2 protein chains.
Amino acid sequence: MTDSQPGLRERTRRAVQKEITDAANALFLERGYEETTIGDIAAAVGMSQRSVFRYFPTKEDLVVGKFDFVADDMLQALRERPAGEPVWESMRRIFDLLVPYVDAPGRRQVAEPMQRIVFSTPTLLASYLQKLQLLQDTADTALRERAAAAGVPYHDSDPTPRAIVGAAFACLLAAQHAWLAGGAEGTFATAIDRAMATITPRSGNGAC
Amino acid sequence: MTDSQPGLRERTRRAVQKEITDAANALFLERGYEETTIGDIAAAVGMSQRSVFRYFPTKEDLVVGKFDFVADDMLQALRERPAGEPVWESMRRIFDLLVPYVDAPGRRQVAEPMQRIVFSTPTLLASYLQKLQLLQDTADTALRERAAAAGVPYHDSDPTPRAIVGAAFACLLAAQHAWLAGGAEGTFATAIDRAMATITPRSGNGAC
DNA sequence: GCCGAACCTGTCAGAGACTGTCAAGTTAGG
DNA sequence: CCTAACTTGACAGTCTCTGACAGGTTCGGC
């Protein structure tokens, strides 16, 4: 029953979602996240409080919700990477899917202040970290499956895949911080390169 | 006006705090975190809802609140590490302060199920990750100060210290996961050793 | 074009986590 | 003993989030 061609229902739904997030982000930028209530956002788009929650499960998802789509893409890309590729290289490649959402010519003026809001609002940061952690969980199992398919499975109590994945995401966060601290100069992709160059995984097809 | 010797007021406050957390944790283990309301906890210790919030800022802090004290100790320990020590070694050492809270002979039967609750409850996991992130922020600045004092300061846009600190904490989380997945067999300290052995930092007084 | 089914929406009602306020009780210290 | 500081319970209120219901709209088949 899932439409490969979006369909009108789904299309209007996306349109309304975008309308809500646009209004919400404008208010968040104007007066802050905590200071903006769902009622304010609902009034801004001319609908009831209840309907906003029909489009977004939580208030936090108004900001970090779109990340879920990218996460799915990243996970799929990870599974399609060649089995023999070093894990660190695979991680670097799937991070490239994140770049256009942050560093595109048009989005840059919007994405940067929104990133600052996420990092400076405890609730949003917690929500963002939680989503990253969920993605790490699935990446961990994906790497375990890859290793098992290659004939060298990890033991359940082997921390290796999760440690490497976690370190890669730590580098991603460090890249975001450094990029923002440097005034968003240079490419976000090179910021990731710099951060990931500071770490070397030891096992797991490591290249040392 | 802060008492170096605890003082009676502060002592009773700690006692009441412990009474609340004990009752709360018992209820959380019995019927789950989300299914337990603050009113239930207040009733269990015979006080009003309002008073519970006078002792703990949020419901989450009933579980992950004690981590704040350990975090302070870890940060102080990091500052007291010798300036020339490799960063990875320093991080490994301050993680030792965490061990007695998890792996002590008496606490083990309580700490393990509580850890499982944290990792399986989205709200608690998010709160825990947020606290870890806060600790990483301060560890990052501590390392930057250490490097500056040694005459080789990092540039603000250099992701190195945050990447290394983040990777170390990723290993800590991987160690927790692996330890729990393996049924909490063996020492938690060796679980940390195993996880941190999979990663090597490249710069920052790295030992490769 | 018509009709039943699925969908969307607003309104109401309610739970639960917090927060501010105030009056009453308890304690600390001179 | 007495005043000031601290603590508590009770009440009311905000805000996020959820369930239920009724009315209107759209979709797919005929």
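So you know, we letter chains A, B, ... as the sequences are listed, proteins then strands, and number each from 1. Values in this document were obtained by computation on a predicted structure and should not be read as measured data.
- Rounded to an integer number of Å, the gap from A/R11 CZ to C/dC7 P is 18 Å.
- Using a 4.0 Å heavy-atom distance criterion, A/Y55 is classed as a sugar-phosphate-only contact.
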Distances under 3.5 Å between nitrogen or oxygen atoms of protein and nucleotides 17-19 of chain D:
from, atom 1, to, atom 2, distance (Å)
D/dC17, OP2, A/K59, N, 2.7
D/dG19, N7, A/R50, NH2, 3.0
D/dG19, O6, A/R50, NE, 2.9

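- Rounded to whole Å, the distance from CD on B/E19 to P on D/dT8 is 11 Å.
- In this structure, A/T36 reaches the sugar-phosphate backbone alone: every heavy-atom distance under 4.0 Å involves primed, P, OP1 or OP2 atoms, never a base.
- Rounded to whole Å, atom C1' of C/dC18 lies 13 Å from atom CG of B/L62.
- In this structure, the side chain of A/R108 engages the main chain of A/A184 through a donor-acceptor pair within 3.5 Å.
- Under the 3.5 Å distance criterion, with hydrogens and angles disregarded, a donor-acceptor pair is assigned to the side chains of A/R146 and A/S90.
- Listed pair B/S51 / D/dG9 meets the phosphate criterion, a side-chain N or O lying under 4.0 Å from OP1 or OP2.
- A donor and an acceptor atom, one from each side chain of A/Y128 and A/Q176, are located under 3.5 Å apart.
- Rounded to whole angstrom, the span from the CZ atom of B/R13 across to the C1' atom of D/dT7 amounts to 10 Å.
- Taking the six-membered ring for Trp and thresholds of 30 and 60 degrees, A/H177 and A/F119 have ring planes inclined between 30 and 60 degrees apart.
- Note: A/F169 and A/F95 meet the aromatic proximity criterion, with ring centroids under 6.0 Å apart.
- Look at CD on A/E35: it is 13 Å from C1' on D/dC15, rounded to the nearest Å.
- Side-chain atoms of B/D140 come within 3.5 Å of backbone N or O of B/R162 as a donor-acceptor pair.
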